[in-house]
Each structure stands twice: as C-alpha cells, then as structure tokens.
Amino acid sequence: DDEISLTTELDTSGIYDVIKNFFTKYNELINEMDKLYNAESASKYEPLTKEEKDALSETEVEEWEKKIKDSLLRRDSTLRNVTDAMKNALMQGATVNGKKMYLSDFGINTLGYFNAADNEKGAYHIDGDKDDPAVANNDDKLRAMIASDPATVQKFFAGLSKNLYDTLTDKMKAIKDTSSAFTVYNDKTMEKEYKDYTDRIKKEETKLNALIDNWYKKFSAMETAMAKLQSKNNAVSGMLGG
C-alpha cells in the first residue's frame with residue numbers, strides 16, 4: 001500500500017552501443033573487402049604440381065598456396081562493385097523530417113585518405129569513442145545528440161540501415177539464367193561455363209587418347225614390319241654365308 005515513485009530516463013548508453021556495434025561490424029567487413037581487392041599480385045605463383053609439392057616442406061607448400069588464395073579476388077570487378085555500393089549507401093545519408101542528414105552530422109567520419117591505414121580508408125570512426133585512439137579526444141557529438149534528440153537519431157539510423165539493406169538486396173537479386181537470389185556473383189553463368197569447360201576437356205581427352213592409341217598401333221605395326229625385315233635380312237645373310 002506504500003507509494004512507489006518511478007523515474008525513467010533514456011538509455012543513452014544502450015542506443016550508443018547499438019550504433020557503435022553496427023560500425024564495428026561494418027568496418028570489419030569493409031576493411032576485409034578492401035584488403036582482398038588490393039591484395040598483392042601472385043602472378044609468379046603458379047599452382048604446384050605433385051612433384052613440386054614433394055620437393056617442398058609442408059610449411060612451404062602452405063605458404064605458397066596461401067599467396068595464391070589471398071590474391072584470388074585482387075582487382076575483382078564484382079567485389080569492387082559491391083564495396084563501392086556499400087560505401088555510397090552510407091555516404092548518401094538519410095532524410096529525417098524533410099531534412100537531409102549525413103553521418104558527419106553525428107560526429108561519425110572516416111579518417112580521410114591520407115590519415116587512414118592501408119585498407120582502412122572506408123572505415124568509420126565515432127568522435128569521442130574512448131576505445132578509438134584516433135578520435136578519442138574529439139567531442140562526443142553522437143552521445144550528445146542521443147541525449148538531446150533521440151527521435152532524430154533513431155530515424156536517421158533506421159533510414160541509413162534501410163538504404164544499405166536495399167542496396168545489398170538489389171545487388172543480390174536473382175537474374176534469370178545468370179545469378180541466384182542472395183548472391184552477388186553470376187553463379188548460374190559460372191556453373192554453365194564450368195560445365196562447358198569440363199565437357200570440352202573430356203572431349204579433348206577422348207580425342208587425345210584416340211590419337212595416342214592410333215600412334216601406338218602405327219608404332220606397333222612398324223616394329224612388327226622391322227622385325228620381319230630383320231628376320232629376312234638374317235636369312236639372306238645366312239644363305240650368303242654372312
């Protein structure tokens with residue numbers, strides 16, 4: 001029966017953490033994509049033959065093959081297309097109550113081309129983030145805006161997330177006879193090309209085996225003829241007392 005007083009307040013830290021976690025995951029992904037695209041060339045590293053593998057240690061083989069695998073997506077046009085689309089989706093911002101807003105309005109920016117490390121130029125940093133030495137001493141604009149106008153923050157990041165989602169969905173839409181849904185690569189085209197190449201290889205192997213068999217028959221016939229000729233020569237030589 002006693003009176004109970006409840007005081008509610010906005011969970012500023014909770015909202016902040018959700019946004020921070022989003023950019024942590026985004027940065028991990030975009031940095032990895034940039035790393036794969038900008039990988040060093042492995043043109044000097046051809047796949048090893050069995051004999052070459054036998055001549056190397058297991059560690060040397062692993063290092064050799066890693067060089068090749070790490071460069072598989074180097075300068076890949078599809079990877080670049082998806083990466084650029086994701087970056088543009090965030091750069092374009094979102095409209096809140098008729099006003100166009102950008103991440104910079106919330107104190108969220110990249111470090112710039114000359115300040116960011118290699119393959120981290122697309123990563124975003126939140127001003128005032130104590131876990132990020134690059135911007136820890138900047139004013140914490142995001143936390144201040146969450147405290148003063150949480151509705152605007154919520155609408156902006158909801159719109160931004162939708163833009164990114166729609167962009168990736170468009171990149172992963174199904175295209176008849178070209179690609180399946182939820183994939184950015186033309187998997188159907190690649191599967192058809194793989195099958196065509198496999199069929200061509202089998203046909204060429206059949207032709208090669210037939211050619212080998214034909215030459216074996218010719219060599220066998222020639223050896224038989226030479227053996228008969230040698231026998232006749234020996235017979236003639238014996239008749240002549242050779």
### Task
Answer whether the closest heavy-atom distance between the side chains of Met101 and Thr95 falls below 4.5 Å.
no
### Task
Would you please test Asp76 and Leu36 for side chain to side chain contact (heavy atoms under 4.5 Å, CB included) and show each step?
CA-CA 9 Å; Asp76 183 84; Leu36 292 171; over 6 Å; no
### Query
Quick one: do Asp166 and Lys162 make a salt bridge, cutoff under 4.0 Å?
yes
### Carboxylate-amine/guanidinium contact Asp170 Lys173, below 4.0 Å
yes
#### Entry: Value rounded to 0.5 Å, distance of NZ in Lys87 from OH in Tyr124
9.5 Å
### Which atom of Ser43 lies closest to which atom of Glu46, heavy atoms considered
O-OE2, 3.8 Å
### Task
Check whether more than 12 heavy atoms from other residues, nucleotides or ligands sit under 6.0 Å from atom CZ of Arg80, and answer yes or no.
no
### Message
Measuring only between side-chain heavy atoms, which start at C-beta, is Glu28 closer than 4.5 Å to Thr24?
### Response
yes
### Task
Group every Ile, Leu, Val, Met, Phe, Trp and Tyr by side-chain heavy-atom contacts under 4.5 Å, then state whether Leu73 and Ile68 land in the same group.
no
### Message
Does Lys121, at its NZ atom, have more than 12 non-hydrogen atoms belonging to other residues, nucleotides or ligands within less than 6.0 Å?
### Response
yes
### Message
Starting from Tyr26, can I reach Val18 by hopping between I/L/V/M/F/W/Y residues whose side chains sit under 4.5 Å apart?
### Response
no
### Query
Does any N or O in the side chain of Asp149 come within less than 3.5 Å of the main-chain N or O of Met145, such that one atom is a donor and the other an acceptor?
no
#### Entry: Hphob cluster co-occupancy, Met91 + Tyr37, side-chain heavy atoms under 4.5 angstrom
yes
## Note on the structure
For Lys141 and Asp105, the nearest pair of non-hydrogen atoms, with its separation, is CD-O, 3.0 Å
### Query
Under a 4.5 Å side-chain heavy-atom rule over Ile, Leu, Val, Met, Phe, Trp and Tyr, are Phe219 and Leu211 clustered together?
yes
### Query
Take atom NZ in Lys100; do more than 12 heavy atoms of anything else shown fall under 6.0 Å from it?
yes
### Task
Compare all side-chain heavy atoms of Phe106 with those of Ile146 and state whether any distance is below 4.5 angstrom.
no
### Task
Flag the pair Lys20 / Tyr16 as yes when at least one side-chain heavy-atom distance between them is below 4.5 Å, and no otherwise.
yes
### Task
Might you point out which heavy atoms bring Arg143 and Ser13 nearest each other, and give the distance in Å?
NH1-OG, 3.7 Å
### Message
How long is the straight-line distance from NZ of Lys66 back to OG of Ser71, given to the nearest 0.5 Å?
### Response
10.5 Å
### Task
Please report the closest heavy-atom contact between Phe23 and Ile108, naming both atoms and the distance.
CE1-CD1, 3.8 Å
### Under 3.5 Å donor-acceptor, Glu204 side chain and Ile201 backbone
no
### Query
Does Lys171 reach the side chain of Asn81, with side-chain heavy atoms less than 4.5 Å apart?
yes
### Message
Looking at every non-hydrogen atom in both residues, tell me the closest pair between Tyr185 and Met190 and how far apart they are.
### Response
CB-SD, 4.2 Å
### Query
Does the distance from a Lys or Arg side-chain N to an Asp or Glu carboxylate O, for Lys53 and Glu65, drop under 4.0 Å?
yes
### Message
Determine whether Asp54 and Lys50 satisfy the following criterion, salt bridge (Lys or Arg N to Asp or Glu O under 4.0 Å), listing intermediate values before the conclusion.
### Response
CA-CA 6 Å; Asp54 292 340; Lys50 184 179 183 305; 3.2 Å; yes
### Query
What's the verdict on side chain to side chain contact (heavy atoms under 4.5 Å, CB included) for Val153 and Ile19, showing C-alpha distance, side-chain angles and the deciding distance?
CA-CA 10 Å; Val153 176; Ile19 297 173; 3.9 Å; yes
### Test item: Asn214 and Ile212 side chains (from C-beta on) under 4.5 Å apart, heavy atoms
no
### Message
Tell me if the centroids of the rings in Phe157 and Phe22 come within less than 6.0 Å of each other.
### Response
no
### Summary
Rounding to 0.5 Å, atoms CD1 (Ile126) and CG (Asp131) come to a distance of 10.0 Å
### Message
Check whether Ser231 reaches the backbone of Ala227 with its side chain - one donor and one acceptor, N or O, closer than 3.5 Å.
### Response
no
### Task
May I ask you to decide if Ala39's main-chain N or O and Arg74's side chain share a donor-acceptor pair within less than 3.5 Å?
yes
### Closest contact, heavy atoms only, Leu79 versus Met33
CD2-O, 3.6 Å
### Message
Tell me if the CE atom of Met222 is crowded by more than 12 foreign heavy atoms within 6.0 Å.
### Response
yes
### Query
Got more than 12 heavy atoms from elsewhere within 6.0 Å of CD, Glu52?
yes
### Task
Kindly check if the number of other-residue, nucleotide or ligand heavy atoms within 6.0 Å of CG (Asp11) is above 12?
yes
### Task
Drop me the distance from Asp213's CG to Lys218's NZ, to the nearest 0.5 angstrom.
12.5 Å
### Query
Any side-chain heavy atom of Leu111 within less than 4.5 Å of one from His125?
yes
### Modelled atom types, side-chain donor and acceptor of Tyr102 and Asn109, under 3.5 Å
no
### Query
Between the side chains of Asn119 and Asp34, does any donor sit under 3.5 Å from an acceptor?
no
### Message
I'd like to check Asn27 versus Glu120 (side-chain heavy atoms, cut-off strictly below 4.5 Å). Are they in contact?
### Response
no
### Query
Hey, are Asn186 and Thr189 close enough side-chain-wise for a donor-acceptor pair under 3.5 Å?
no
### Chi angles and distances behind the side chain to side chain contact (heavy atoms under 4.5 Å, CB included) call for Met172, Thr183
CA-CA 5 Å; Met172 295 189 294; Thr183 177; 6.0 Å; no
### Query
Asp199 and Lys203: salt bridge (Lys or Arg N to Asp or Glu O under 4.0 Å), yes or no, with the steps?
CA-CA 6 Å; Asp199 291 342; Lys203 289 178 181 178; over 6 Å; no
### Message
Side chains of Ser180 and Asp187 only: does a donor on one sit below 3.5 Å from an acceptor on the other?
### Response
yes
### Query
Checking side chain to side chain contact (heavy atoms under 4.5 Å, CB included) for the pair Lys155/Val96: CA distance, chi angles, key distance, verdict?
CA-CA 6 Å; Lys155 290 178 181 179; Val96 179; 4.0 Å; yes
#### Entry: Leu160 CG to Leu103 CG distance, which is reported to the nearest 0.5 Å
5.0 Å
### Task
Look up atom CG in Leu29 and atom OG1 in Thr83, then write down how far apart they are to the nearest 0.5 Å.
8.0 Å
